[in-house]
Amino acid sequence: MSKLRVAVIGAKGRIGSEAVKAVEAADDMELVAELGRGDELETLADAGAQVAVELTHPDSVMGNLDFCVRHGIHAVVGTTGWTDERLARLRTSLEASPETGVLIAPNFSIGAVLTMRFAQLAAPYFESVEVVELHHPNKADAPSGTATRTAQLIAEARREAGSAPQPDATTTALDGARGADVDGVPVHSVRLRGLLAHQEVLLGGEGETLTVRHDSLHHSSFMPGILLGARRVVSTPGLTFGLEHFLDLG
Ligand SMILES: NC(=O)C1=CN([C@@H]2O[C@H](COP(=O)(O)OP(=O)(O)OC[C@H]3O[C@@H](n4cnc5c(N)ncnc54)[C@H](OP(=O)(O)O)[C@@H]3O)[C@@H](O)[C@H]2O)C=CC1
Ligand SMILES: O=C(O)C1=N[C@H](C(=O)O)C[C@H](O)C1
């Protein structure tokens, strides 16, 4: 059986360099290109890449995906910074290339995907829900893509359940003290040397709290999800948002 021809964009970065090793080690894949900043995107087409794994920066991802979609190269995207407007632009470009698949995963680790699912499930049963994400201090964006998605899923679950607004008597606060408001859910970002990627969802009700916590301790935690994404995206045209759709979690 022929091997899946995979390229990595952002190949010298923290997660990109780990992805290069993971693709090289996969029996069913061939690493056909490793692109860093300033490298020509044409290399992807010249190398015959079937899938590009995009792990760069929110400022770079749209241009890279535009090239991939125009050339019918499927993409597995871990880069953050997704807004409704960006997703709409991507969907529009995919309409012109209907056989191309793009997977955007706010987080490729199974534990993080399950954290999001558990939080979504629990959110309507508690009066209060807040998200705390903790990352290494070299991270460009805050809140993290995972925390943003977690908060959106929590808000959606609470809206569907008809939950009341969260109790909060704060009338005076220093800017930022109550975190960022993502769809009505407070999200707090910690940047600390020594950390990699961590998240807690704190839920509170009368006389009880529930904490759902996930820790990525090494970039290897993201690799099974990236490889699964590459295998599945080639037969999944259009935009898929969230690895859960490839894990049969719905
Ligand atoms: N979904 C997930 O599970 C995960 C997502 N991420 C996300 O992945 C992204 C990268 O994270 P991380 O590896 O820590 O960041 P790094 O800064 O370590 O790596 C990004 C790399 O991409 C390069 N780069 C930037 N623009 C381009 C471009 N146009 N073409 C080619 N290469 C480019 C950078 O080069 P230079 O250094 O010159 O700028 C750098 O080498 C972030 O958005 C992060 O949040 C990270 C981990 C897991
Ligand atoms: O920048 C990182 O490191 C990570 N970025 C992603 C995010 O913003 O959620 C995924 C993971 O948290 C690691």
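Both backbone and side-chain heavy atoms feed into the values below; hydrogens, waters and symmetry mates do not. Both counts, for ligands and for their atoms, begin at 1 and track the order of listing. Remember, predicted model here, so these are calculated numbers, not experimental data.
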What are the atom names and distances for all N or O pairs under 3.5 Å between ligand 2 and the protein?
{"from": "ligand 2", "atom 1": "1 (O)", "to": "K139", "atom 2": "NZ", "distance (Å)": "2.9"}
{"from": "ligand 2", "atom 1": "3 (O)", "to": "H136", "atom 2": "NE2", "distance (Å)": "3.0"}
{"from": "ligand 2", "atom 1": "5 (N)", "to": "K139", "atom 2": "NZ", "distance (Å)": "3.1"}
{"from": "ligand 2", "atom 1": "8 (O)", "to": "K139", "atom 2": "NZ", "distance (Å)": "2.6"}
{"from": "ligand 2", "atom 1": "8 (O)", "to": "G145", "atom 2": "N", "distance (Å)": "2.8"}
{"from": "ligand 2", "atom 1": "9 (O)", "to": "G145", "atom 2": "N", "distance (Å)": "3.2"}
{"from": "ligand 2", "atom 1": "9 (O)", "to": "T146", "atom 2": "N", "distance (Å)": "2.8"}
{"from": "ligand 2", "atom 1": "9 (O)", "to": "T146", "atom 2": "OG1", "distance (Å)": "2.5"}
{"from": "ligand 2", "atom 1": "12 (O)", "to": "H135", "atom 2": "NE2", "distance (Å)": "2.6"}

message: Less than 4.0 angstrom from a charged side-chain N to a carboxylate O is my criterion; do R159 and E156 meet it?
response: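 Here R159 does not pair with E156 in a salt bridge, since their nearest N and O are not under 4.0 Å apart.
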- prompt: With a 4.0 Å cut-off, would you call R89 and E85 a salt bridge?
  reply: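 Looking at R89 and E85, the cut-off is met.
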task: Check whether any side-chain N or O of H198 sits under 3.5 Å from a backbone N or O of L196 as a donor-acceptor pair, and report yes or no.
output: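 Yes: the side chain of H198 pairs with the backbone of L196.
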message: Please enumerate all residues that pass side-chain hydrogen bond (donor to acceptor under 3.5 Å, both in side chains) together with H219, with sequence neighbours excluded.
response: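 With sequence neighbours excluded, H219 shows a side-chain hydrogen bond (donor to acceptor under 3.5 Å, both in side chains) to no residue whatsoever.
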query: Does R37 reach the side chain of K12, with side-chain heavy atoms less than 4.5 Å apart?
result: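 Of all side-chain heavy-atom pairs linking K12 with R37, none is under 4.5 Å.
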- request: Kindly check if the number of other-residue, nucleotide or ligand heavy atoms within 6.0 Å of CD (E42) is above 12?
  value: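 Counting neighbours around CD of E42, more than 12 heavy atoms of other residues, nucleotides or ligands fall under 6.0 Å, so yes.
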- prompt: Can you name the salt bridge (charged side-chain N to carboxylate O under 4.0 Å, His left out) partners of R91, sequence neighbours left out?
  reply: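 Testing R91 for salt bridge (charged side-chain N to carboxylate O under 4.0 Å, His left out), a comparison that skips the adjacent residues, returns none.
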task: Tell me the residues surrounding ligand 1, counting only those with a heavy atom closer than 4.0 angstrom, sorted by chain and number.
output: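 Ligand 1 is contacted, at a heavy-atom distance under 4.0 Å, by I9, G10, K12, G13, R14, I15, G36, R37, L55, T56, S60, N64, G78, T79, T80, A105, P106, N107, F108, K139, F222.
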message: Please identify which of these residues, L103, T79, V102, meets the side-chain contact (heavy atoms from CB on, under 4.5 Å) condition with E54.
response: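 Only one option passes, and that is T79.
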message: I'd like to know if I15 and I104 are part of one continuous hydrophobic network [Ile/Leu/Val/Met/Phe/Trp/Tyr, side-chain heavy atoms within less than 4.5 Å].
response: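 Different clusters.
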